[in-house]
Number of protein chains: 2
Amino acid sequence: MKTIRETADLFDVSTRTIRYYEEIGLLSPARSEGNQRLYPASELVKLKLIVRGKKYGFSLEEIKEMVLLFDKDRTGRKQLERTIQYGRRRIEEVELKIQELEEMKREMEQLLVVFNSKLEKSKGDEGNE
Amino acid sequence: MKTIRETADLFDVSTRTIRYYEEIGLLSPARSEGNQRLYPASELVKLKLIVRGKKYGFSLEEIKEMVLLFDKDRTGRKQLERTIQYGRRRIEEVELKIQELEEMKREMEQLLVVFNSKLEKSKGDEGNE
DNA sequence: AGTAGCATTTACGTTAACGTAAAGGTCAAG
DNA sequence: CTTGACCTTTACGTTAACGTAAATGCTACT
């Protein structure tokens, strides 16, 4: 059970950020005798997912959907099946993002090729700059 | 030479968005006789880069750096070399993003495996729900 | 039991990336 | 040459995701 400060340092975020995530229903830490927040391992796992999700273009609202899916104890079979289905869709979205980033990378590499050939050409005429 | 509306429709963004990109120095369209914006192919290419960049987690400030690199006519050799170097770094960043997204995907798949096994278990005791 | 360094809630402030409205100019069709 | 659909600039409004400050409570150590 880590304090809010320890948790913040662990993920390199501010305590305000952590409290904000609680405000919008993403985290629900335990409390100490004196009402101070205490983060068990399960909350740390959630925070890790949040931080990573943020880093790669998901909004907190989107992340919320994802995290809440893997959060509640899904007892009913139907619920479980739905969760799995929804999870698969999310994974497909991530795959799409990866593919488009790869296309972006290829385009940028193409541009570099163009610039490189310009550079080669300019090797003939030394003397300017 | 497309008008601002045609351009907006082409990329599915608002005209305000396009004007905003001009405000912050990302686009510089031509002008008609009567002072209306006209977008040649080169500006459309830039806008495409911007839209794609946005979609995958880059801020407009970051995109600005990238776009401006491939924008001005880089005449000097030193400038050209620097541009290429900087471009390579950007590509590495994109590669990193891809890798971390792939890790994210793997983790999500792991979670699905866990849920699937839960589902299998619950297949034994039919009768609830 | 005093105090330094944490924590709490409440609430206003900030920035990026636009949205939206006002007041008016431009352009193509008829 | 007059509409109607587009365009212009100016400027204030909005939302997400926190930052920051104030007033106060808790905790660990000496």
Side-chain angles (χ1 to χ4, degrees), chain A residues 1-40 43-44 46-68 71 93 97 100 104, chain B residues 1-40 43-44 46-68 71 93 97 100 104:
Chain A
M1 297 282 244
K2 299 200 183 266
T3 72
I4 195 171
R5 174 109 308 275
E6 288 164 344
T7 307
D9 289 347
L10 191 58
F11 290 96
D12 201 35
V13 297
S14 72
T15 60
R16 174 64 174 101
T17 295
I18 294 183
R19 289 199 194 91
Y20 178 67
Y21 291 163
E22 186 180 343
E23 256 184 73
I24 63 174
L26 272 173
L27 296 176
S28 17
R31 295 287 182 148
S32 77
E33 189 73 1
N35 198 37
Q36 299 193 183
R37 290 171 177 84
L38 289 176
Y39 296 84
E43 293 299 295
L44 299 185
K46 271 161 60 179
L47 185 50
K48 184 175 181 180
L49 281 176
I50 297 168
V51 169
R52 171 162 297 161
K54 278 242 57 185
K55 212 171 163 187
Y56 300 100
F58 294 97
S59 74
L60 285 179
E61 201 50 44
E62 291 172 310
I63 293 170
K64 187 170 178 177
E65 288 185 69
M66 299 167 71
V67 167
L68 291 191
D71 195 19
E93 283 179 36
K97 280 209 179 193
E100 304 206 74
M104 192 165 161
Chain B
M1 295 283 244
K2 299 200 183 264
T3 72
I4 194 171
R5 174 111 306 274
E6 289 165 343
T7 307
D9 289 347
L10 191 58
F11 290 96
D12 200 35
V13 298
S14 72
T15 60
R16 175 64 173 101
T17 294
I18 294 183
R19 290 199 194 91
Y20 178 68
Y21 291 164
E22 185 180 344
E23 257 184 73
I24 63 175
L26 272 173
L27 296 176
S28 16
R31 294 287 181 146
S32 76
E33 190 73 1
N35 197 36
Q36 298 193 184
R37 291 172 176 83
L38 290 176
Y39 296 83
E43 292 299 296
L44 299 184
K46 271 162 60 179
L47 185 49
K48 183 174 180 182
L49 282 176
I50 296 168
V51 169
R52 172 162 296 160
K54 278 243 55 185
K55 211 171 164 187
Y56 300 101
F58 295 96
S59 73
L60 285 179
E61 201 51 44
E62 290 171 311
I63 292 171
K64 187 170 177 177
E65 287 185 70
M66 300 167 70
V67 168
L68 291 191
D71 195 20
E93 283 179 36
K97 279 206 178 196
E100 304 206 74
M104 192 164 161

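Bear in mind that the values here come from a model prediction, so they are computed numbers and not experimental data. Any value given below was found using the heavy atoms of this structure, including those in side chains, with hydrogens, waters and symmetry copies removed. In the text below, chain A, chain B and the rest are named by the order of the sequence lines, each starting its count at 1.
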Check: Can you check the B:Ile63 CD1 to C:dC18 P distance for me, whole Å?
Finding: 9 Å

Check: Has A:Arg19 got a side-chain N or O lying under 4.0 Å from the OP1 or OP2 atom of D:dT20?
Finding: no

Notebook entry, point to check: To the nearest Å, how far apart are B:Tyr20 OH and C:dT20 P?
Noted result: 16 Å

Next item on the list: Tell me, please, which residues at least two apart from B:Glu62 pass salt bridge (Lys or Arg N to Asp or Glu O under 4.0 Å).
Entry: none

Under 3.5 Å, which protein N or O atoms sit close to an N or O of nucleotides 25-29 of chain C? Give each pair with its distance.
{"unit_1": "C:dT26", "atom_1": "O4'", "unit_2": "B:Gln36", "atom_2": "OE1", "d": "3.3"}
{"unit_1": "C:dC27", "atom_1": "OP1", "unit_2": "B:Gly34", "atom_2": "N", "d": "3.1"}

Checklist line | Contact check, side chains of A:Leu47 and A:Glu43, non-hydrogen atoms, under 4.5 Å | finding: no

Next item on the list: Calculate the interatomic distance between A:Leu26 atom CG and D:dA16 atom C1'; express it in whole Å.
Entry: 13 Å

Notebook entry, point to check: Does A:Thr3 make a side-chain N or O approach to OP1 or OP2 of C:dA7 shorter than 4.0 Å?
Noted result: yes

Margin query: Please determine whether side-chain contact (heavy atoms from CB on, under 4.5 Å) holds for the pair A:Leu49 and A:Ile63, giving the CA-CA distance in whole Å, both sets of side-chain angles, and the decisive distance to 0.1 Å.
Written below: CA-CA 8 Å; A:Leu49 281 176; A:Ile63 293 170; over 6 Å; no

Item checked: pair A:Ile50-A:Phe11: side-chain heavy atoms closer than 4.5 Å -> no

Check: Given D:dA16, is OP1 or OP2 found less than 4.0 Å from the side-chain N or O atoms of A:Ser59?
Finding: no

Notebook entry, point to check: Can you check whether A:Lys64 reaches A:Leu60 side chain to side chain, under 4.5 Å on heavy atoms?
Noted result: no

Check: According to a strict under-4.0 Å criterion, is B:Thr15 in side-chain N/O contact with OP1 or OP2 of D:dC7?
Finding: no

Notebook entry, point to check: Pick the nucleotide of DNA chain D nearest each of A:Arg16 and B:Tyr39; which residue has the one closer to the 5' end?
Noted result: B:Tyr39

Next item on the list: Please tell me which of the listed nucleotides, C:dT8, C:dC18, D:dC18, lies nearest to the side chain of A:Arg37?
Entry: C:dT8

Notebook entry, point to check: What's the CZ-P distance between A:Arg31 and C:dT8, to the nearest Å?
Noted result: 6 Å

Checklist line | Candidate pair B:Arg19 and B:Ile4, rule side-chain contact (heavy atoms from CB on, under 4.5 Å), full reasoning | finding: CA-CA 9 Å; B:Arg19 290 199 194 91; B:Ile4 194 171; 3.7 Å; yes

Item checked: Protein-nucleotide distance (A:Ile18, atom CD1; C:dT9, atom C1'), rounded to Å -> 17 Å

Margin query: Closest-nucleotide mapping onto DNA chain C: is A:Glu6 or B:Glu61 further toward the 5' terminus? I mean the 5' end.
Written below: A:Glu6

Next item on the list: Would you mind reading off the distance between A:Lys2 atom NZ and C:dA7 atom P, rounded to a whole angstrom?
Entry: 13 Å

Next item on the list: Check the distance between D:dA16's P and A:Glu23's CD and give it to me in whole angstrom.
Entry: 13 Å

Notebook entry, point to check: So, is B:Lys54 close to the C:dC18 phosphate, meaning a side-chain N or O under 4.0 Å from OP1 or OP2?
Noted result: yes

Note to self: In whole Å, I'd like the distance from the CD atom of B:Glu22 to the P atom of C:dC18.
What the structure shows: 15 Å

Notebook entry, point to check: Quick one: are A:Arg31 and A:Arg37 in side-chain contact, heavy atoms under 4.5 Å?
Noted result: yes

Notebook entry, point to check: Which part of the nucleic acid, if any, lies within contact of A:Ile4, taking any heavy atom under 4.0 Å across all strands shown: a base, the sugar-phosphate backbone alone, or nothing?
Noted result: sugar-phosphate

Next item on the list: Please state whether the phosphate of D:dC18, meaning OP1 or OP2, lies under 4.0 angstrom from any side-chain nitrogen or oxygen of A:Tyr21.
Entry: yes

Check: Would you say B:Lys46's side chain and B:Leu26's backbone share a donor-acceptor pair under 3.5 angstrom?
Finding: yes

